[in-house]
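In what follows, a single structure is set out as structure tokens and then discussed.
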Amino acid sequence: MTNIKKLLLIDGSSIAYRAFFALYTQIDRFISPSGLHNNAIYAFHTMLRNVLATEQPTHVLVAFDAGKTTFRTEMYADYKGGRAKTPDEFREQLPFIKEMLAAQGIKQYELANFEADDIIGTLATLAENGDFDAITVVSGDRDLTQLTTEKTTVAITIKGVAELEIYTPAYLLEKLGLTTAQFIDLKALMGDKSDNIPGVTKIGEKTGIKLLLEYGSLQGIYDNIEQMKVSKMKENLINDREQAFLSKELATIDLTSPIAIGLEDTIYTGVDYDKLKKFYQEMGFNKFLEELEGATEKVVEAINFTVVEETVTDDMFDENQFFYLEILGEDYHRDSIIGFAWGDETGIYVSKNIALLKSFNFPKNTYDFKKNKVLLARHAIAYPVVEFDTMLAKYLYSTIENNKISTIAGLFGLDLPDDDVIYGKGVKRAVPFDEILFDHLARKIDVLVKTKAPLTDKLRENDQEKLLSDMELPLANVLAKMEIAGIKVSGGVLSEIGIENEKVIENLTAEIYELAGEVFNINSPKQLGVILFEKMGLPIIKKTKTGYSTAVDVLEQLAPQAPIVDKILKFRQISKIQSTYVTGLLGEIMADGKIHTRYIQDLTQTGRLSSVNPNLQNIPVRLAEGRKIRKAFIPENASSVLLSSDYSQIELRVLAHISGDEHLISAFNNGADIHTSTAMRVFGIEKAEDVTPNDRRNAKAVNFGVVYGISDFGLSNNLGISRKAAKNYIDTYFERYPDIKNYMGNTIREAKDKGFVETLYHRRRNLPDINARNYSVRSFAERTAINSPIQGSAADILKVAMINLDKNLTAGGFKTKMLLQVHDEIVLDVPDDELVAVKKLVKTTMEDAISLDVPLLVDENSGKTWYEAK
DNA sequence: AGTGTCACG
DNA sequence: ACGTACGTGACACTG
């Protein structure tokens, strides 16, 4: 038996600091019973547990920085100068982190005049040269990557401290194209702002890597500096020569620091139970405490309920009860009811006898009303609209988490096992024994009953009560009717398209194999990448994190260079249609000849719906080949047609309204073509007829960009123009539409202040990342702050329109049925003799859904198939 | 289960 | 210097 020796070295100072900021937004939630902040302690602890579990080290040491002055400050007084003062809330946690480490049985070490890096480097080197099999270094500081060797892997924390990016020499080479030694030289060239290492003026990561790849090393660069052609960069290199070598020294970790401990001192002995228990109690880490004491001992309080088998009596009913229906999966169009429960504070009832539901006094509180309504409709049982729905209420309150009952329980301090635990998941999912099923259902009712009041309070605080009662609940009822109705799809039409596609795919496949000179899987991006970029030597335009990108924009650029590329593009296009829309949709046609989608009403961050099983919100329309799929979508009877009614430019109209921009508003009020109008203002064109199609196209992209939270990079990518030109467009746009610029600034400011943004109907999106220190995380939150009120208000408006339309159709006694919703479009099945009246009704109902400072405009098309109704 | 790709608004 | 357009779902491939 061989004893594997694994050393784990943790950069305690850097991890603690990262840990603090990882949970900084939650700092007010992480307070120990004695009132101490413990967010950093908690995150450090989580990271440590994960690493110990995955690495299973035999030796562990956590190194800390000893103080402000080190041998580096002697060399360079400004080293780590200009750093922000560490927050008090952080400093007070450090001693407790050390206490926690001691309780975990982990050795700690610090050394005057040296940094944690140097201690780690020295011990790692000792272990390398000794008989250790593997060394893992964990830090939040990318500099430690320089310790990477075949035996030593360096794990750098990302996304707070929850995830680790693992550096091996191979990974470093792949990621940056550099060796470990070159990595230090890169630091010397580019410097490091956070450590105040100067580097060479104007040289960043890109230029640094380029130079190192050309000259091999820092020394190599300066050995060849004379031959370099005259440039600003060369001048900077010459001027900053001394600084560069100083930077290199500063960046280099000392592998021979005079540590007073040895590897034998780092043996991991495991936790000290008593100390750790005391520590968890002190910190209020109850979950870990329970775990430590043995999770199995956790006492689960029993819950009282009555099993109802044959007869329900009147005393079991009250309209203020909750009702809950259970199925094993998600697909309520196909899955069977496995049980149900109802009740309130005074009593809970459970049953499996569906016959009981035939004459049932359904109460006014539900969880997922739409699911209940559709499931019951399959048993010819009606469920009248209710007053409260926990799933929808929770979704309105917060979109951050999912809206499962177990999640809601946790949110309000209750405990409910997840369905996956009770029913199992994947192939193991099954209906449990009655005792377990009934107990679980009763607990769900218990949670629903107990969380209604706090949820209602939240909605009242957020001014969202009407959003639930007047929007989401009535909408759930309308959506249920649409899902139950389904849309008729001709399997014959799909099959015909499928046969044609098969022929095309077969021919393309043969041609692609011929051009490639071998047979391979065209659908595999990996194999395709090898053919295109290795065998055929085409230029690599973009990389993904796993290899070469073969996405459309890349292939379109490569098309002129090799005839195979166009064939691949065509193959992709037709394959997509075939697999997703021909084969896929054929498999979704149910016994009634219809497709019944499910709209997910509690998922999107903006308030839109989504559609699954199948998704009927992404049926092809943009390209002719795919658009043909719409020929298979037909009305229920020969005597009706499909009517498609869609809002014209609803998002830009919403933007005009909420920004109050006079130019945008007057353009819409004058009925102008909005993209042409934008082109005229931004490009200074006097007459609309002088706007070229290209001008309009560019203006359209800018308008889209504004709605998405524009950036010059994004726009340049979209239009295929330079970043500078894109920036120019944006600057001019903001100059000519100052109110839009103000709207963006104000929205972001308000979001930073309040932590959320709202739609016209008070639908809320919380933005926990809006004040993040990480630039791209923060920027993303800022763009969503701009986009969400626009996209969300547009979604709200269509929801209102659908509710009103449903009411108006019923009131008018029409047989017309709403079938589909596609974000700004409603598709209806209209009997021929109702078409004229219904067209008018739909248009006015949609246009009058809300009164804005600009008119809403609806376009309508009808026909014998969805293809013709566009 | 995660990734890449591509369909829609 | 960094690294980015907003919101979704389905399919195929790959560990």
Side-chain angles (χ1 to χ4, degrees), chain A residues 190-193 199 202-208 399 425-426 521-529 542-555 568-569 572-573 575-585 587-588 597-600 603-623 625-627 629-630 646-647 649-651 701-702 704-719 723 726 730 765 774-792 794-795 798 820-825:
Chain A
M190 62 188 269
D192 183 330
K193 230 178 155 181
K202 288 273 176 201
I203 292 190
E205 183 172 306
K206 287 240 168 84
T207 321
T399 57
K425 52 179 182 175
N521 186 343
I522 311 167
N523 277 321
S524 160
K526 197 176 164 191
Q527 294 183 35
L528 182 61
K542 201 164 73 176
K543 280 188 139 195
T544 67
K545 69 172 93 165
T546 53
Y548 316 111
S549 170
T550 65
V552 227
D553 58 314
V554 171
L555 294 190
I568 291 164
L569 282 166
R572 281 248 180 98
Q573 189 199 358
S575 302
K576 175 82 180 176
I577 295 167
Q578 189 67 356
S579 63
T580 304
Y581 299 105
V582 176
T583 322
L585 287 181
E588 298 284 354
T597 186
R598 254 167 51 229
Y599 291 103
I600 309 290
L603 184 140
T604 69
Q605 298 299 309
T606 55
R608 276 190 175 183
L609 301 174
S610 81
S611 157
V612 294
N613 253 308
N615 181 359
L616 293 185
Q617 291 181 320
N618 72 346
I619 302 302
V621 68
R622 291 175 191 164
L623 300 173
E625 291 86 344
R627 195 170 189 155
I629 294 291
R630 295 184 173 227
D646 68 291
Y647 281 118
Q649 308 295 355
I650 187 165
E651 291 194 348
V702 174
F704 268 91
V706 170
V707 171
Y708 292 155
I710 201 157
S711 76
D712 54 4
F713 185 89
L715 184 65
S716 74
N717 241 351
N718 189 288
L719 280 178
R723 232 171 117 162
I730 295 167
R765 178 165 186 181
N774 180 308
Y775 174 87
S776 54
V777 172
R778 184 177 64 250
S779 300
F780 181 68
E782 289 173 358
R783 292 194 296 273
T784 53
I786 290 167
N787 175 261
S788 295
I790 302 171
Q791 191 185 115
L798 187 57
L820 304 176
Q821 189 259 37
V822 196
H823 309 305
D824 63 357
E825 171 190 7

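All chains are named by letter (A, B, ...) in the order of the sequence lines, taking the proteins before the strands, and each is independently numbered beginning at 1.
The side chain of A:Asn523 approaches C:dC13 more closely than any other nucleotide in the set B:dT5, C:dC11, C:dC13. You'll find that the side chain of A:Ser579 is closest to C:dC11, out of C:dC6, C:dC11, B:dT5. Comparing B:dA7, C:dA5, C:dC6 by their closest approach to the side chain of A:Gln791 singles out C:dC6. Of the candidate nucleotides C:dA12, C:dG7, C:dT8, C:dT8 has the atom lying nearest to any side-chain atom of A:Ser610. Listed candidates were B:dT3, C:dC11, C:dA5. Nearest to the side chain of A:Thr546 is B:dT3. Closest to the side chain of A:Arg783, from the set C:dC6, C:dA10, B:dG4, is C:dC6. Among B:dA7, C:dC2, B:dC8, the nucleotide with an atom closest to any side-chain atom of A:Tyr775 is C:dC2. Taking only side-chain atoms of A:Pro620, from C-beta outward, the nucleotide of C:dC2, C:dA5, B:dC8 with the closest atom is B:dC8. Picking from C:dG15, B:dC8, B:dT5 the nucleotide with the shortest atom distance to the side chain of A:Lys526 gives C:dG15.
Here C:dG7 presents its C1' atom at 9 Å from CD of A:Glu651, a figure rounded to the nearest Å. The interatomic distance linking A:Lys202 (NZ) with C:dC2 (P) rounds to 12 Å, in whole Å. As a whole-Å value, the separation of A:Asn615 CG from B:dA7 P is 13 Å. Rounded to an integer number of Å, the gap from A:Phe713 CZ to C:dA1 C1' is 14 Å. In this entry the distance linking CG of A:Leu528 with C1' of C:dT14 reads 15 Å, nearest Å. The distance between atom CG of A:Asn717 and atom C1' of C:dT4, rounded to the nearest whole Å, is 9 Å. Remark: C1' of C:dC2 and CZ of A:Phe780 are 17 Å apart, rounded to the nearest angstrom. For the pair A:Arg723 CZ and C:dA1 C1', the interatomic distance rounds to 10 Å; values are reported in whole Å.
Taking 4.0 angstrom as the limit, A:Ser788 places none of its side-chain polar atoms (N or O) nearer than this to OP1 or OP2 of C:dG7. Here A:Thr580 does not reach the OP1 or OP2 of C:dG9: none of its side-chain N or O atoms lies under 4.0 Å away. Neither OP1 nor OP2 of B:dA7 sits under 4.0 Å from any side-chain N or O of A:Arg627. The side chain of A:Gln527 places an N or O atom within less than 4.0 Å of a non-bridging phosphate oxygen (OP1 or OP2) of C:dT14.
Map A:Met190 and A:Thr604 each onto its nearest nucleotide of DNA chain C; the residue landing nearer the 5' end is A:Met190. Residue order along DNA chain C, read from the 5' end via each residue's closest nucleotide, puts A:Ala701 first among A:Ser524 and A:Ala701.
For the atom pair CD1 of A:Ile522 and CZ of A:Arg572, the computed distance is 10.0 Å after rounding to the nearest 0.5 Å.
Proximity of A:Glu625 to A:Ile577: side-chain heavy atoms (C-beta onward) are separated by under 4.5 Å at one or more points. A 4.5 Å side-chain heavy-atom check between A:Leu616 and A:Glu588 finds every atom pair outside the cut-off. Between A:Thr580 and A:Asn618, the closest side-chain pair of non-hydrogen atoms is not below 4.5 Å.
Using atom P as the reference point in both B:dT5 and C:dT4, the two lie 16 Å apart (nearest Å). The separation of C:dA5 from B:dG4, taken at their P atoms, amounts to 14 Å, rounded to a whole angstrom.
Residue contacts for A:Gly705: at a heavy-atom cut-off of 4.0 Å it reaches a base atom on one of the strands shown. Across all strands, A:Ser575 comes closer than 4.0 Å to no nucleic acid atom at all (heavy-atom distances). As judged by a 4.0 angstrom heavy-atom cut-off over every strand, A:Asp824 is placed among residues touching the sugar-phosphate backbone only. Using a 4.0 Å heavy-atom distance criterion, A:Ser611 is classed as a sugar-phosphate-only contact. Looking at heavy-atom distances under 4.0 Å, A:Ile577 makes no contact with the nucleic acid at all. The residue A:Glu825 sits apart from the nucleic acid: no heavy atom pair falls under 4.0 Å. A:Asp646 comes within contact range of no nucleotide atom at all, as no heavy-atom separation falls under 4.0 Å. As judged by a 4.0 angstrom heavy-atom cut-off over every strand, A:Ser779 is placed among residues making no nucleic acid contact. Residue contacts shown for A:Val707 are absent, as no nucleic acid heavy atom lies under 4.0 Å away.
One N or O on the side chain of A:Thr597 and one on the backbone of A:Val612 form a donor-acceptor pair closer than 3.5 Å. The closest donor-acceptor contact from the side chain of A:Arg608 to the backbone of A:His823 lies at 3.5 Å or more, if one exists at all.
In the interface, the side chain of A:Arg572 is not paired with the base of B:dG4 through any donor and acceptor atom under 3.5 Å apart.
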Where do A:Gln821 and A:Leu609 land on the side chain to side chain contact (heavy atoms under 4.5 Å, CB included) test, with the steps shown first?
CA-CA 8 Å; A:Gln821 189 259 37; A:Leu609 301 174; 3.6 Å; yes
CA sep, side-chain torsions, deciding dist, call: A:Arg765, A:Thr606, side chain to side chain contact (heavy atoms under 4.5 Å, CB included):
CA-CA 7 Å; A:Arg765 178 165 186 181; A:Thr606 55; 4.0 Å; yes
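Base pairing of C:dA1 is not made with any nucleotide, judged by Watson-Crick or G-U wobble geometry with both donor-acceptor distances under 3.5 Å.
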